[in-house]
Amino acid sequence: MNPKNSNVRIITIRDLWSIFVHRLLIIILAAAASVAGLYAFNKIMYVPQYSSTATIYILRQGNESNTTDTNNDFSLALSVVNDCTYLLKSHTVLDQVIQDLSLNLTYEDLYKRITTHNPEETRVLEVTVTADSPDEAKTIVDEVCTIGSESIENAMGFQQVNLYEYGTQNSQPSNRMQMKTYAIVGLIAGVAVYLIFVIAYLLDDHLRSDEEIEKTLGVTILADIPNANHSGKGKYGYYGKYYSAYRQSEKGHGRRKRGEGT
């Protein structure tokens, strides 16, 4: 007997595969239930939002047109893109946009609706606005870029901050949940349930087979009771049903004798 290993359970790839196969239906049901729950929640709580993106091109033209000035202008424009982003979302610009368009929004609300992106190694600034309708999103982003371009020129001394491309108009909601999201949620749910079964297997200290008994306790099995694990065969194993029938007949015979004696 090896007491050092008596409380240690070693799990193998075969055990992992066996757990997966035997619990596959539950894993699939858990994944399907998670996807269905997410879909129902999204249907109930979903509010469509639409996005429009406009493009600003930042260019500082010098008085002299030569290669050195052009390179300096390019480096300067790249270095101040973050400053342009800050000015574009400043109170001066957004408050003016709210006033001109008579928006029922506060500065903080409009600020959260605006995102900017600067493609690497370019002087381009992409401005995206999210709103409740495609028309509203386009109107707001065009106004933000128009007023913002003028404010950037005045504040930073750029001679040209051009609104290169007006806002796009997309009839498809920008916040629709993709199929990939549902697939990821289902996969995570299935893996989580599978891991729960694996952990339960590791924490279970019951000995399920002859091999586990010999490996854990270090003893050799000489014999076992036939059908001892089959509860449907009767209390006393395979012959339990015959024993039960015998007991019932004995009780009936005893009652008949008592009846004859009376």
Side-chain angles (χ1 to χ4, degrees), residues 34-60 74 76-156 158 160-189:
S34 300
V35 172
L38 179 62
Y39 178 80
F41 177 81
N42 190 42
K43 274 291 185 182
I44 295 172
M45 305 300 295
Y46 177 69
V47 177
Q49 295 289 300
Y50 302 87
S51 296
S52 180
T53 301
T55 304
I56 293 177
Y57 186 73
I58 302 170
L59 175 66
R60 183 180 186 275
F74 185 79
L76 178 61
L78 285 177
S79 65
V80 297
V81 167
N82 289 334
D83 296 339
C84 293
T85 301
Y86 176 81
L87 293 174
L88 197 68
K89 300 173 74 173
S90 64
H91 268 284
T92 302
V93 174
L94 298 191
D95 288 343
Q96 186 65 41
V97 171
I98 293 172
Q99 180 179 345
D100 292 349
L101 299 180
S102 301
L103 299 176
N104 188 24
L105 297 172
T106 64
Y107 167 79
E108 289 76 14
D109 294 335
L110 183 56
Y111 184 94
K112 294 176 182 178
R113 291 171 178 259
I114 300 173
T115 58
T116 59
H117 173 64
N118 171 229
E120 188 176 357
E121 297 298 326
T122 68
R123 290 175 290 184
V124 172
L125 187 62
E126 296 176 348
V127 184
T128 302
V129 171
T130 303
D132 296 333
S133 69
D135 293 335
E136 184 182 10
K138 175 176 171 52
T139 301
I140 294 175
V141 76
D142 288 346
E143 189 72 11
V144 168
C145 290
T146 300
I147 297 176
S149 299
E150 297 174 358
S151 298
I152 292 171
E153 287 185 353
N154 296 333
M156 305 188 68
F158 283 163
Q160 284 191 352
V161 180
N162 300 326
L163 177 52
Y164 175 75
E165 189 176 56
Y166 284 95
T168 57
Q169 192 165 13
N170 191 355
S171 60
Q172 296 297 325
S174 59
N175 63 336
R176 279 198 322 184
M177 191 167 292
Q178 303 295 323
M179 291 299 298
K180 180 173 66 174
T181 304
Y182 289 108
I184 292 174
V185 169
L187 179 62
I188 292 175

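Here the side chain of Asp142 pairs no donor or acceptor atom with the backbone of Tyr166 at under 3.5 angstrom. In this structure, Arg123 contributes its side chain and Tyr57 its backbone to no donor-acceptor pair below 3.5 Å. Side-chain N or O atoms of Ser90 include one that pairs as donor or acceptor with a backbone N or O of Leu87 at under 3.5 Å. Put simply, the side chain of Thr168 never gets that close to the backbone of Ser52: no donor and acceptor are under 3.5 Å apart.
Evaluation of the side chain to side chain donor-acceptor pair (under 3.5 Å) rule for Thr53 yields Thr128 as partners, not counting sequence neighbours. In terms of the salt bridge (charged side-chain N to carboxylate O under 4.0 Å, His left out) criterion, Lys89 has no residue partners (sequence neighbours excluded). Evaluation of the side-chain contact (heavy atoms from CB on, under 4.5 Å) rule for Val129 yields Ile114, Ile140, Val141 as partners, not counting sequence neighbours.
Across every non-hydrogen atom of Ser51 and Ser174, the tightest pair is OG-OG, 2.9 Å.
Donor-acceptor pairing under 3.5 Å is recorded for the side chains of Tyr46 and Asn175. For the residue pair Asn118/Glu126, the side-chain donor-acceptor check at 3.5 Å is not satisfied.
In this structure, Lys112 and Thr106 have side chains that are not in contact, with every pair of non-hydrogen atoms separated by 4.5 Å or more.
Atom CG of Asp100 sits about 12.5 Å away from atom OG1 of Thr139, to the nearest 0.5 Å.
The number of heavy atoms from other shown groups lying within 6.0 Å of OH (Tyr164) does not exceed 12. Counting non-hydrogen atoms of other residues, nucleotides and ligands closer than 6.0 Å to OH of Tyr107 gives a total above 12.
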